[in-house]
Engineer: 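My questions will all concern the structure given below.
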Amino acid sequence: MLAWYDRHARALPWRSPPGTPPPDPYRVWLSEVMLQQTTVAAVRTHFARFTQRWPTVRDLAAAHDEAVMTAWAGLGYYARARNMLACARAVVADHGGHFPGDEQGLLTLPGIGRYTAAAIAAIAFGRRAVVVDGNVERVVARLFAVETPLPAAKPELYALTDRITPSERPGDFAQAMMDLGATICTPRNPLCALCPLDRDCAARASGDPARLPRKVPKAARPRRYGTIFWIEHDGAVLLVRRPDKGLLGGMRALPTGPWVEADPGLADAPAALDWRWIGGHVEHVFTHFALELRVACGLPEKGCASQLDGEWWPIERLDTAGLPTVFAKAARRAIEGEADG
DNA sequence: AAGTCGTGGGA
DNA sequence: TTCCCAAGACT
């Protein structure tokens, strides 16, 4: 694996080349948190934005919550941003501005679980650690032809990964396994002819490696309905801040009621206005439900507008508000809908 | 310990 | 279109 990695490692902004000294732990940590359940392509821009604006963990710890949440907007899983900020502040307050170098210490920090602690320990500190992400699970399930379906197979896959993890260059080994999973041992149509583990792979020998890992079927995704309230006054639109806990927690948002099983219409309107429906609707898919939104447009009088709770944000600069994608879609729909009449 | 938590891209 | 998936953590 290490020989393969020396030749085929992906060059990524948060990495050092194979066999060279490890990168700054701050950059390793930042990239690992961003990469949780998120594609490399999506992380690139946000990683550059964060490291340019906050070059050290002390800079990030001193940042305003709002600035960090805005910079994170669009990446998804917003609890990561809140945990990331809490983690940076804990590193400064409790660890003198230096990340702990061992898994046990890393695990005590917010947003760092078993995978991330192992990855940081191996990649940033050269510690031997068992690094198991989705890629590694797939590679190892095939290598040993593990028939147990996920997620029940996780302990078994962890033990098998432990067995093949070397003490030398543990960070490069972990990244090699992940690169292999991302580029060769892919979920569908693995490129076995290019794989350095070709002759050792039990699934390859069986003739149908893509069959593994087995997985338990997922439940169907329910559909929910909601209304977005586009409240416009004097070239600005009313934005609110969502509560810290729960879906899209802590993010700036357009006013909306609960998202429920049947179309709520104007039931949760934040004010008694002469609402006008924008044509069409907005479709957005979350992890565990699909959402269908209609947009209601209201134009308050001056006296009424000043009483509404929230921020009046200039519509021309709405792209700087740090809206999660679902609200950015709704805003687009509202602006287009108004233009259509 | 199953459910919660985003988003965009590829097949 | 629809489904699946991507360097998981937290409760």
Side-chain angles (χ1 to χ4, degrees), chain A residues 9-10 12-15 27-47 69 72-84 86-87 106-124 129-139 150-152 154-155 158 161 171 173-183 185-190 210 213 215-224 242-251 253 259 282-291 322-329:
Chain A
R10 288 180 290 175
L12 298 170
W14 46 86
R15 276 188 179 174
R27 294 170 63 87
V28 174
W29 162 74
L30 194 60
S31 69
E32 289 300 340
V33 171
M34 288 184 171
L35 285 162
Q36 290 166 6
Q37 296 290 287
T38 306
T39 57
V40 166
V43 166
R44 281 182 184 275
T45 57
H46 284 79
F47 180 81
M69 299 310 286
W72 191 277
L75 251 196
Y77 285 134
Y78 298 99
R80 290 184 296 169
R82 299 193 297 277
N83 287 331
M84 178 187 67
C87 180
L106 289 162
L107 274 171
T108 66
L109 294 166
I112 298 183
R114 177 143 89 151
Y115 160 75
T116 305
I120 296 172
I123 296 169
V130 182
V131 181
V132 185
D133 75 329
N135 289 305
V136 177
E137 284 179 348
R138 184 171 56 255
V139 170
L150 286 168
K154 282 177 181 287
Y158 184 93
T161 307
F173 177 76
Q175 292 175 99
M177 292 288 282
M178 294 191 280
D179 275 16
L180 188 69
T183 64
C185 193
T186 51
R188 291 171 292 231
N189 308 316
K215 297 192 175 182
V216 297
K218 290 174 184 170
R221 202 187 330 257
R223 172 166 293 266
R224 294 185 191 168
R242 293 176 66 86
D244 279 337
K245 302 274 183 185
L247 188 65
L248 306 169
M251 299 303 289
W259 296 336
V282 174
E283 181 79 19
H284 191 76
V285 180
F286 293 98
T287 304
H288 55 294
F289 67 94
L291 179 62
L323 290 177
T325 300
V326 61
F327 297 115
K329 282 187 191 175

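In what follows, chains are A, B, ... by sequence order, proteins preceding strands, each numbered from 1. Scope of the values below: all heavy atoms of this structure, side chains included, with no hydrogens, waters or symmetry mates. This one's a predicted model, so the numbers in the text were calculated from it and none came from an experiment.
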Engineer: If you pin G111(A) and S31(A) to their nearest nucleotides in DNA chain C, which one's is more 5'?
Structural biologist: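 Checking each residue's closest nucleotide, the 5'-ward one belongs to S31(A).
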Engineer: Base, sugar-phosphate alone, or nothing: which one does V326(A) contact when heavy atoms must sit under 4.0 Å apart?
Structural biologist: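 Sugar-phosphate: the residue V326(A), judged by heavy atoms under 4.0 Å, touches backbone atoms but no base.
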Engineer: Quick check against the 3.5 Å criterion: does S31(A) have a side-chain atom that pairs as donor or acceptor with the backbone of V28(A)?
Structural biologist: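 Flag set: sc S31(A) to bb V28(A) pair under 3.5 Å.
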Engineer: Without decimals, in angstroms, what is the distance between E283(A) CD and dT7(B) P?
Structural biologist: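 Atom CD in E283(A) sits about 14 Å away from atom P in dT7(B).
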Engineer: Take atom CZ of R44(A) and atom P of dG8(B), then tell me their distance rounded to the nearest Å.
Structural biologist: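 Taking atom P of dG8(B) as the reference, CZ of R44(A) is at 18 Å.
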Engineer: Given atom CG of L30(A) and atom P of dG8(C), what is their separation to the nearest angstrom?
Structural biologist: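 Distance, rounded to whole Å: 16 Å.
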Engineer: For F47(A) and W14(A), take the angle between the two ring planes, folded into 0 to 90°, and tell me which bin it lands in: parallel under 30, tilted 30 to 60, perpendicular over 60.
Structural biologist: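 Perpendicular, since the angle between the ring planes exceeds 60°.
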Engineer: For N83(A), answer base if it contacts any base atom (sugar-phosphate contacts may also be present), sugar-phosphate if it contacts only those atoms, and nothing otherwise; contact means non-hydrogen atoms under 4.0 Å.
Structural biologist: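 Sugar-phosphate contact only - N83(A) comes under 4.0 Å of backbone atoms but never of a base.
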Engineer: Under 4.0 Å between any heavy atoms, over every strand shown, what does L12(A) touch: base, sugar-phosphate, or nothing? Just pick one.
Structural biologist: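 Base contact - L12(A) has a heavy atom under 4.0 Å of at least one base atom.
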Engineer: Students often get this wrong, so: under 4.0 angstrom with heavy atoms, is R10(A) touching a base, only sugar-phosphate, or nothing?
Structural biologist: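 R10(A): base contact, heavy atoms under 4.0 Å.
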Engineer: Give the rounded distance in Å between these two atoms: CD1 of I120(A) and C1' of dG8(C).
Structural biologist: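 In whole Å, dG8(C) C1' and I120(A) CD1 are 13 Å from each other.
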Engineer: Atom CZ of R242(A) and atom C1' of dG6(B): how far apart are they, to the nearest Å?
Structural biologist: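 That distance rounds to 12 Å.
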Engineer: Charged N to carboxylate O below 4.0 Å: is that the case for R80(A) and E32(A)?
Structural biologist: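 A salt bridge is absent here (no side-chain N lies under 4.0 Å from a carboxylate O).
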Engineer: When the P atoms of dT11(C) and dG6(B) are considered, how many whole Å apart are they?
Structural biologist: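 Per the computed distance, 14 Å lies between those P atoms.
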Engineer: When you measure from the side chain of R82(A) to the backbone of G249(A), do you find a donor-acceptor pair of N or O atoms at a distance under 3.5 Å?
Structural biologist: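 Yes, the answer is positive, given that a donor and an acceptor are paired below the 3.5 Å cut-off.
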Engineer: Identify whether any heavy atom of W72(A) sits under 4.0 Å from a base atom; if not, whether one sits that close to sugar-phosphate; answer base, sugar-phosphate or nothing.
Structural biologist: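 Nothing, no nucleic acid heavy atom in range.
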Engineer: So, F286(A) versus H284(A), ring centres under 6.0 angstrom or not?
Structural biologist: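 So the answer is yes for these two rings.
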Engineer: List the protein contact pattern of nucleotides 1-6 of chain C with one symbol per nucleotide (5' to 3'): B for base contact, S for sugar-phosphate-only contact, - for none; contact means a heavy-atom distance under 4.0 Å.
Structural biologist: ----SB
Engineer: Between P on dA9(C) and NZ on K154(A), what's the gap in Å once rounded to a whole number?
Structural biologist: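 Atom-to-atom, K154(A) to dA9(C), this comes out as 9 Å.
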Engineer: Nearest nucleotide by nearest heavy atom, which residue falls closer to the 5' end of DNA chain B, K329(A) or G246(A)?
Structural biologist: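 The answer here is G246(A).
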Engineer: Across the strands shown, which category fits G74(A) at heavy-atom distances under 4.0 angstrom: base, sugar-phosphate, nothing?
Structural biologist: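 Here G74(A) touches the backbone only, sparing every base.
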Engineer: Between H284(A) and dT7(B), does any side-chain N or O lie under 4.0 Å from OP1 or OP2?
Structural biologist: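 True: H284(A) side-chain N/O within range (under 4.0 Å) of dT7(B) OP1/OP2.
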Engineer: Within the pair H288(A) and dG3(B), is there a side-chain N or O less than 4.0 Å away from OP1 or OP2?
Structural biologist: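 For H288(A), the contact criterion (side-chain N or O under 4.0 Å from OP1 or OP2 of dG3(B)) is not met.
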Engineer: What's the CD-P distance between Q36(A) and dC10(C), to the nearest Å?
Structural biologist: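 It is 8 Å, rounded to the nearest whole Å.
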Engineer: Look up atom OH in Y77(A) and atom CD in Q37(A), then write down how far apart they are to the nearest 0.5 Å.
Structural biologist: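 The distance works out to 5.5 Å.
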Engineer: Within the 4.0 Å heavy-atom criterion, would you say L75(A) contacts the bases, only the backbone, or no part of the nucleic acid?
Structural biologist: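 If one applies the 4.0 Å heavy-atom cut-off, L75(A) turns out to touch a base.
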Engineer: I'd like to know whether CZ of R114(A) has more than 12 heavy-atom contacts from other residues, nucleotides or ligands below 6.0 angstrom.
Structural biologist: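 12 or below, so no.
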Engineer: If we ignore hydrogens and angles and just use 3.5 Å, is the side chain of D179(A) paired with the main-chain N or O of R10(A) as donor and acceptor?
Structural biologist: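 Pair found, side chain donor or acceptor close to backbone of R10(A).
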Engineer: Does dT7(B) have its OP1 or OP2 closer than 4.0 Å to a side-chain nitrogen or oxygen of T325(A)?
Structural biologist: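 Result: yes.
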Engineer: So which one's nearest nucleotide on DNA chain B is more toward 5', G76(A) or N189(A)?
Structural biologist: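 Nearest nucleotide further toward 5': that of G76(A).
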Engineer: Check the distance between dC10(C)'s C1' and D244(A)'s CG and give it to me in whole angstrom.
Structural biologist: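 Atom CG in D244(A) sits about 15 Å away from atom C1' in dC10(C).
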